[in-house]
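Encoded as structure tokens, here's the structure I'll be asking about.
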Amino acid sequence: AVTRILDLAGAPLPERIAACRALLAVAPTPMAWIGLAVNHWHDSDYAAAATALDAALAIEPDQLLARWARFQYPATLC
């Protein structure tokens, strides 16, 4: 939700990524990791997005959104 608000406000990606990291420092939930992953995708940092999704899945292996996203978006693009 925090990064969505920043997105709607037109905040640049580095600020959104920093907000995600700050959120993770206090609440390392799977959804917070997914939020970080989404912002890394928008920044074309696919390896970092994959790492964030892996962290979400390490916490909650049955998190379907993270599992689907990890499947759909590989760490590197060919």
Side-chain angles (χ1 to χ4, degrees):
V2 171
T3 58
R4 182 67 182 136
I5 292 168
L6 292 172
D7 181 31
L8 292 172
L13 280 168
E15 287 182 22
R16 287 188 261 165
I17 291 170
C20 288
R21 291 190 186 284
L23 177 60
L24 282 165
V26 295
T29 65
M31 287 307 295
W33 282 108
I34 292 168
L36 179 62
V38 167
N39 283 288
H40 278 307
W41 284 328
H42 289 300
D43 199 30
S44 300
D45 189 348
Y46 305 112
T51 300
L53 289 171
D54 290 342
L57 290 169
I59 296 168
E60 188 179 331
D62 293 331
Q63 213 309 329
L64 294 179
L65 179 57
R67 188 155 304 286
W68 175 86
R70 188 66 178 92
F71 171 76
Q72 290 288 24
Y73 301 102
T76 59
L77 297 179
C78 297

Quiz item: Which salt bridge (charged side-chain N to carboxylate O under 4.0 Å, His left out) pairs, counting each pair once, include a residue from residues 25-49, with sequence neighbours left out?
Solution: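 Of all non-adjacent pairs touching residues 25-49, none passes salt bridge (charged side-chain N to carboxylate O under 4.0 Å, His left out).
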
Quiz item: Looking at Gly35 and Asn39, what are the two nearest heavy atoms and their distance?
Solution: O-ND2, 2.9 Å

Self-check item: Non-neighbouring partners of Pro61 that pass side chain to side chain contact (heavy atoms under 4.5 Å, CB included), sequence neighbours left out
Solution: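 Pro61: side chain to side chain contact (heavy atoms under 4.5 Å, CB included) contacts with Arg67.
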
Exercise. List the atom of Met31, the atom of Leu65, and the distance in Å for their closest heavy-atom pair.
Key: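 Answer, listing the atom of Met31 first, then Leu65: CE-CD2, 4.1 Å.
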
Exercise. Mind checking the CZ-CG spacing from Phe71 to Leu64? Nearest 0.5 Å is all I need.
Key: 13.5 Å

Practice problem: Spell out, yes or no, whether Trp41 and Ile34 are grouped together once hydrophobic residues are joined by side-chain heavy atoms under 4.5 Å, including indirect joins. | Solution: yes

Practice problem: Provide the closest heavy-atom pair for Pro30 versus Ala56 in the form atom of the first, atom of the second, distance. | Solution: O-CB, 3.7 Å

Exercise. Would you mind listing every side chain to side chain donor-acceptor pair (under 3.5 Å) that reaches into residues 17-32, with sequence neighbours excluded?
Key: Arg21-His40

Practice problem: Mind jotting down which residue pairs meet the salt bridge (charged side-chain N to carboxylate O under 4.0 Å, His left out) criterion with at least one end in residues 30-41? Sequence neighbours excluded, please. | Solution: none

Quiz item: Could you give all pairs that pass the salt bridge (charged side-chain N to carboxylate O under 4.0 Å, His left out) test and reach residues 50-62, with sequence neighbours left out?
Solution: Asp54-Arg70

Exercise. State which residues pass side chain to side chain contact (heavy atoms under 4.5 Å, CB included) with Ala52; sequence neighbours excluded, sorted by chain then number.
Key: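 Scan of Ala52 (side chain to side chain contact (heavy atoms under 4.5 Å, CB included), adjacent residues dropped) gives Trp33, Leu36, Ala37.
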
Practice problem: Can you see which heavy atom on Ala32 is nearest to which on Leu24, and at what distance? | Solution: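 It is CB-CD2, 3.5 Å.
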
